[in-house]
Amino acid sequence: MTDKTAIRPTLSIPSSGSDTAVERFQNQSLRPILKLQHEIYLLWFSDYSRRRNPEFDSLPCEKKHLFIDRSIQNDHALKNTLIGMTVGMLTPEELDFYLLESKACNKRIVAMVAERVKSCV
């Protein structure tokens with residue numbers, strides 16, 4: 001089986017000496033996973049938005065962004081699916097860290113996925 005980290009894109013994110021462990025995890029693990037899964041998040045949310053709001057494509061950009069934010073924050077099934085799509089790409093070692101810091105990591109995952117989706121609408 002291919003190492004999961006081998007299929008992730010390489011990102012050059014500068015690190016300051018004062019980065020917290022969660023910030024390092026975000027930059028070294030979560031961001032490459034989000035970039036790898038980018039198209040999947042977009043397809044998933046596109047299907048979700050068509051089912052929840054058939055007029056989504058005709059909404060002005062501002063209302064689309066509001067719908068995205070509200071959906072990801074308030075629809076627990078959607079939020080958990082997006083988090084699961086990310087966590088499923090972690091290595092066992094990364095999962096150990098994630099489990100220790102899941103609350104902080106989940107907040108970061110949700111915020112970054114929301115920004116990715118909004119940037120493509």
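Computation of the quantities below employed the complete heavy-atom set of this structure, encompassing side-chain atoms and omitting hydrogens, waters and symmetry-equivalent molecules. These numbers were taken from a predicted model, which means no experiment stands behind them.
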| said: Under the criterion side chain to side chain contact (heavy atoms under 4.5 Å, CB included), I'd like the reasoning laid out for V113 against L34: C-alpha separation, chi angles, the key distance, then a yes or no. | reply: CA-CA 7 Å; V113 170; L34 268 65; 4.0 Å; yes
Q) Hey, is the main chain of D19 close enough, under 3.5 Å, to the side chain of R24 for a donor-acceptor pair? A) yes
Quiz item: With a 4.5 Å limit on heavy-atom distance, are the side chains of N106 and Y98 in contact?
Solution: yes
Across all chains, not counting sequence neighbours, the side chain to side chain contact (heavy atoms under 4.5 Å, CB included) partners of K107 are K103
Residue set satisfying side chain to side chain donor-acceptor pair (under 3.5 Å) with N80, at least two apart, ordered chain then number -> none
For C105 and L30, the nearest pair of non-hydrogen atoms, with its separation, is O-CD1, 4.3 Å
Sorted by chain and residue number, the side chain to side chain contact (heavy atoms under 4.5 Å, CB included) partners of N53 (sequence neighbours excluded) come out as E55, F56, L59, F67
Which donor-acceptor pairs under 3.5 Å do side chains of residues 40-48 form with protein atoms, sequence neighbours excluded?
residue : atom : partner : partner atom : Å
Y41     : OH   : T86     : OG1          : 2.6
S46     : OG   : R50     : NH1          : 2.7
D47     : OD2  : R51     : NE           : 2.9
D47     : OD2  : R51     : NH2          : 3.2
Y48     : OH   : D75     : OD2          : 2.8

Check whether any side-chain N or O of K4 sits under 3.5 Å from a backbone N or O of P92 as a donor-acceptor pair, and report yes or no. no
State, yes or no, whether a side-chain contact exists between I7 and M89 at a heavy-atom distance under 4.5 Å. yes
**Study point:** Side-chain touch I109/L82, heavy atoms, less than 4.5 angstrom
**Key:** no
Heavy atoms, side chains only, cut-off 4.5 Å: are P32 and T10 in contact? no
Residue pairs meeting salt bridge (Lys or Arg N to Asp or Glu O under 4.0 Å), one or both in residues 79-95, sequence neighbours left out, come to R8-E94
Applying side chain to side chain contact (heavy atoms under 4.5 Å, CB included) to A111 and not counting sequence neighbours gives none
